[in-house]
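Working notes for the structure below.
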Amino acid sequence: MVRDAALRAQYLQTLGIEQWQLRRVAPAIPPAQRPAMPTAQPPVAAPSPKPTPPAPATSGAWQELAAEVHGCVRCGLHATRTQTVFGVGNLSAELLVVGEAPGADEDRQGEPFVGRAGQLLNSMLRAMRAPRDTVYIANLLKCRPPSNRDPAPGEVASCQPYLQRQIELLRPRLMLAVGRIAAQNLLATDTPISKLRGVVHRYGTAGTPLIVTYHPAYLLRSPTEKRKSWVDLRLVCGELARLRALPRNS
Ligand code: URA
């Protein structure tokens, strides 16, 4: 319980969620019966893996894929993009975060989740003790849909092989789909996101575990939902800890 409370407090503080305290006057306890105060904070989650350099065996394959994406003209989005947004992160990451598509900031900077939603995603990752440089972040689409409209099915289908290849190269222990569009497309379902949360799904032929949570942009619009996202992030922490005890990809 103490550990739960510490985890929750840290997330809520990180995300700027106001914390409510029960105003209860504790009955006086004689000093001899008082429980000892903990002297150190309990660990919040498993320590995050140290950032490691790109895995040499696959770095050439990553470069080839990045070059292919860079020159992609498979769908009409190539005509309106400033640049492609391939993905970013640790090529030895255990956790792959998958978003929807680049927005205006990402289109300008060429990196996923660098705008306001990205700042919140960074806080969520830090709260999980899995900071941005220890995970890999990619989107379903590598190009920005104009006016941030939802991706069209044909655009998702054209881009899907790129994410597929990223997953093959990374071989993450766990995937975190952020938002309805990423979750529904990865899981090939139209089930509402509220019903996809709270379960460990399996993705692809490798059966990679996949957890769904709300998109940080949605959380910015609906801050009261942040509490639910914390439940999801704790599921991620627990599942990662469980998976670490197993051989990679088993
Ligand atoms: N939203 C996403 O889904 N991806 C990004 O990269 C930025 C915003």
Side-chain angles (χ1 to χ4, degrees), residues 15 62 65-66 69-70 72 75 77-78 80-91 93 95-126 128 130-160 162-167 170 172 174-190 192-194 196-197 201 203 210-223 225-226 228-229 232-233 236:
L15 298 185
W62 278 103
L65 181 62
V69 168
H70 181 74
C72 181
C75 79
L77 294 181
H78 77 273
T80 49
R81 73 185 178 215
T82 303
Q83 60 189 310
T84 55
V85 178
F86 178 69
V88 71
N90 188 324
L91 300 189
L95 180 64
L96 169 63
V97 178
V98 181
E100 178 182 328
D105 293 314
E106 291 75 20
D107 177 67
R108 219 173 3 252
Q109 295 186 41
E111 182 171 326
F113 284 102
V114 291
R116 276 188 73 222
Q119 298 310 310
L120 181 53
L121 177 66
N122 290 348
S123 295
M124 293 161 76
L125 293 171
R126 275 197 304 270
M128 286 195 291
R132 186 176 173 99
D133 59 356
T134 67
V135 306
Y136 196 87
I137 304 174
N139 283 311
L140 273 186
L141 292 195
K142 309 305 184 205
C143 296
R144 181 191 182 208
S147 315
N148 297 341
R149 64 160 169 74
D150 285 355
E155 292 159 358
V156 175
S158 302
C159 224
Q160 193 265 342
Y162 296 136
L163 179 62
Q164 187 55 45
R165 184 80 182 118
Q166 286 175 307
I167 296 167
L170 191 67
L174 182 64
M175 293 167 62
L176 175 63
V178 296
R180 175 182 68 84
I181 303 266
Q184 289 183 340
N185 279 286
L186 288 171
L187 296 172
T189 180
D190 55 9
I193 187 167
S194 56
L196 296 173
R197 297 177 46 245
H201 303 269
Y203 174 79
L210 184 151
I211 291 173
V212 170
T213 194
Y214 293 114
H215 196 287
Y218 169 75
L219 296 175
L220 288 171
R221 292 192 301 273
S222 312
E225 300 289 65
K226 285 177 182 173
K228 291 188 196 158
S229 80
D232 302 333
L233 301 187
V236 171

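Numbering of ligands and ligand atoms starts at 1, following listing order. It should be emphasised that the depicted structure is a prediction, and the values quoted were computed from it without experimental measurement.
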Inset, instruction - Return the set of residues passing ring pair (Phe, Tyr, Trp, His ring centres under 6.0 Å) with H201 (not counting sequence neighbours), or none when no residue passes. - result: none
Legend entry - Residues E225, R197: salt bridge by 4.0 Å N-O rule: no
Legend entry - E106 side chain vs A101 backbone, donor-acceptor pair below 3.5 Å: no
Legend entry - Protein residues that have a heavy atom under 4.0 Å from any atom of ligand 1, sorted by chain and number: G99, E100, A101, E106, P112, F113, N139, H215
Inset, instruction - With sequence neighbours excluded, tell me which residues meet ring pair (Phe, Tyr, Trp, His ring centres under 6.0 Å) with Y218. - result: Y214
Inset, instruction - Not counting sequence neighbours, which residues clear salt bridge (charged side-chain N to carboxylate O under 4.0 Å, His left out) with R81? List them please. - result: none
Legend entry - T134 and N90 side chains, donor-acceptor separation under 3.5 Å: no
